[in-house]
Each structure stands twice: as structure tokens, then as C-alpha cells.
Amino acid sequence: MAEEPRGAWFGFGFCGFGQAPGSGRGRQVHSPEPLQSGVDIRRVSASWSYTAFVTRGGRLELSGSASGAAGGCRDVWASEGLLVVLRAGPGSGALLQAWAPGSALRGEPLWAQNVVLEAEREGDSGGEAQAGRLPLLPSARAYVSPRPPFYRPLAPEMRVRQLELGAEHALLLDEAGQVFSWGGGRHGQLGHGTLEAELEPRPLEALQGLAMAEVAAGGWHSVCVS
């Protein structure tokens with residue numbers, strides 16, 4: 001298998017907490033600057049006041065208002081209230097941990113659960129495991145929420161390609177390109193023509209028949225591209 005091409009990560013914008021490692025501290029970064037020159041970064045997840053990144057060697061480091069480091073990591077998802085880490089486990093398994101951002105990854109996590117990659121779950125030992133991206137879990141049958149309960153299952157018939165969490169709502173894109181939304185809707189961010197909340201994923205009727213390629217959830221708004 002060909003090696004995944006390696007690119008460079010850059011940071012710019014407000015850096016008052018040192019959120020962009022390598023770009024200084026306490027100043028505005030007006031032009032893109034490399035993040036930690038010499039470090040082979042594989043994943044980056046940025047919250048408002050700190051940034052989490054994972055190297056290709058599996059080392060997780062935090063920069064900004066939250067600090068700390070840990071080894072044996074596959075993926076990370078950063079938010080102001082919660083830091084979610086996917087750590088390597090035996091075989092195709094993995095360990096999902098939820099931490100308080102200020103914990104410096106020390107002591108015990110707020111919550112932890114073993115998860116199984118999709119290929120193993122379906123009994124296909126020769127298949128390639130579907131890693132996905134947090135907050136969508138590796139099995140693509142559940143996701144992690146920034147509020148309890150942290151582990152939230154999805155309907156078994158849903159084949160999920162992407163999941164995005166906004167401040168009060170969630171957007172889900174399935175493999176057929178259909179968009180689902182749920183959660184708080186008081187700003188119209190769910191796209192169902194009302195300001196009502198939805199407790200379960202509901203398909204966007206206005207987009208029926210038009211396949212979407214990506215979705216994004218903002219604080220009180222949503223975006224999708226066909």
C-alpha cells in the first residue's frame with residue numbers, strides 16, 4: 001500500500017493562549033505559520049482556547065489554555081468543555097476516553113469505554129477497519145457527545161459518512177448523501193422550517209433527491225455542499 005502523502009500544518013488568527021504551537025503567544029498571527037516545525041503532525045483538532053494534535057507516532061499534545069501530553073493515541077476531538085481521545089487498544093480495538101481539558105491528561109478520565117472497529121465487528125478479519133473521525137466513533141454506529149451521556153448510539157440502519165456537532169445541534173451525512181439534523185433548533189439551524197427542537201435525527205426534506213458531499217455545524221448555523 002502506498003504511503004499516505006505528508007503535508008504541513010499551518011496556524012493563523014488569534015493566538016492569545018498559544019493555541020497555534022510554533023506561532024508565538026499573546027498576539028495575532030496574520031499570515032499562516034507552520035505548526036511546530038520538525039514535528040510530524042497527523043491529526044489536529046482546534047477548540048477556541050487550545051489546540052490538540054496527534055503525531056504519526058501516536059503522541060498527543062495540547063497547546064494553549066490546556067496543556068498536557070500522552071502516548072498511544074489515534075485521534076482526538078477538542079472542545080471547550082471536553083477533550084475526547086481515542087487510544088490504541090489490543091488488535092483492532094481502541095479505548096475511548098473523555099477528559100476535562102484542564103486535567104493535563106493526568107489521573108482518571110471522566111469516562112472511558114472500549115470500542116471495536118467496524119471490520120472486526122462484522123466478522124471481516126481481513127477487511128480494513130473503518131477508523132472514521134471523532135466525534136463519530138470507529139464503528140460508525142455511535143458517537144461521543146460533549147454532554148452526558150457521552151456515548152450515544154445511532155440507529156443501526158444508518159450508514160454514516162460524517163458527523164458534525166454545533167453548539168446546540170448535530171448534523172449527520174450518510175453514505176447516500178442525505179443530511180439529518182437534530183438537537184436545538186431555536187435559530188433555524190436544523191433546517192426543518194421551524195424553530196422547534198428535534199430529539200432524534202430527522203432528514204432534511206428540502207434536500208431530498210440532492211446528494212450532499214460535506215456538512216458543517218456552526219454555533220447556531222449549518223452549512224452543506226452538494
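Start at 1 with the first residue, then count along the sequence.
In terms of the side-chain hydrogen bond (donor to acceptor under 3.5 Å, both in side chains) criterion, Ser67 has no residue partners (sequence neighbours excluded). With sequence neighbours excluded, no residue forms a side-chain hydrogen bond (donor to acceptor under 3.5 Å, both in side chains) with Ser45. Here Ser31 pairs with nothing under the side chain to side chain contact (heavy atoms under 4.5 Å, CB included) rule; sequence neighbours left out. Take His221 and apply the ring-ring contact (aromatic ring centres under 6.0 Å, His included) test, not counting sequence neighbours, and it matches no residue. Evaluation of the side chain to side chain contact (heavy atoms under 4.5 Å, CB included) rule for Ala88 yields Arg74 as partners, not counting sequence neighbours.
Side-chain contact between Phe180 and Met158: present, with at least one pair of heavy atoms (C-beta onward) separated by less than 4.5 Å.
Under the 4.5 Å side-chain contact rule for hydrophobic residues, Val179 and Leu210 share a cluster. Note on Trp182 and Trp220: separate hydrophobic clusters, where clusters join Ile, Leu, Val, Met, Phe, Trp and Tyr whose side-chain heavy atoms are under 4.5 Å apart, directly or indirectly.
A donor-acceptor pair under 3.5 Å is absent between the side-chain atoms of Ser103 and the main chain of Pro109, judged by distance alone. Under a 3.5 Å cut-off, the side chain of Trp9 and the backbone N or O of Val44 do not form any donor-acceptor pair.
When hydrophobic side chains of Ile, Leu, Val, Met, Phe, Trp and Tyr are connected at separations under 4.5 Å, Val225 ends up as a singleton with no cluster partners. In this structure, Val85 shares a hydrophobic cluster with Tyr50, Val54, Leu60, Leu62, Val76, Leu83, Trp99, Leu105, the cluster being traced through Ile, Leu, Val, Met, Phe, Trp and Tyr side chains under 4.5 angstrom apart. The hydrophobic side chain of Leu95 is isolated, with no ILVMFWY side chain under 4.5 Å apart from it.
Sorted by first and then second residue, the salt bridge (charged side-chain N to carboxylate O under 4.0 Å, His left out) pairs with a member in residues 210-224 form an empty list; sequence neighbours excluded. Applying the side-chain hydrogen bond (donor to acceptor under 3.5 Å, both in side chains) test to every pair with at least one member in residues 78-89, sequence neighbours left out, gives these pairs: Ser47-Glu80, Ser49-Glu80, Arg87-Gln97.
Heavy-atom minimum distance, His187 versus Gln189: N-OE1, 2.9 Å. For the residue pair Pro32 and Phe10, the shortest heavy atom distance occurs at CB-CB, 3.9 Å. The shortest non-hydrogen separation linking Ala100 to Leu110 is N-CD1, 3.7 Å. For Arg161 against Ala213, the heavy-atom pair with the smallest separation is NH1-O, 3.3 Å.
Between Leu96 atom CG and Leu86 atom CG the span is 6.0 Å, to the nearest 0.5 Å.
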Residues 162-174 side chain polar contacts: donor-acceptor under 3.5 Å, at least two apart:
residue : atom : partner : partner atom : Å
Gln162  : OE1  : Val215  : N            : 3.3
Gln162  : NE2  : Glu164  : OE2          : 3.0
Gln162  : NE2  : Val215  : O            : 2.9
Glu168  : OE1  : Arg186  : NE           : 3.2
Glu168  : OE2  : Arg186  : NE           : 3.4
Glu168  : OE2  : Arg186  : NH2          : 2.6
His169  : NE2  : Ser222  : OG           : 2.8
Asp174  : OD1  : Ala176  : N            : 3.0
Asp174  : OD1  : Gly177  : N            : 3.0
Asp174  : OD1  : Gln178  : N            : 2.7

Taking only distance into account, with no hydrogens and no angle test, what donor-acceptor pairs under 3.5 Å do side-chain atoms of residues 190-206 form with protein atoms, sequence neighbours excluded?
residue : atom : partner : partner atom : Å
His192  : NE2  : Ser181  : OG           : 2.8
Thr194  : OG1  : Glu196  : N            : 3.2
Glu198  : OE2  : Arg202  : NH1          : 2.8

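In this structure, Phe150 and Trp111 have tilted ring planes: the angle between them lies in the 30° to 60° band.
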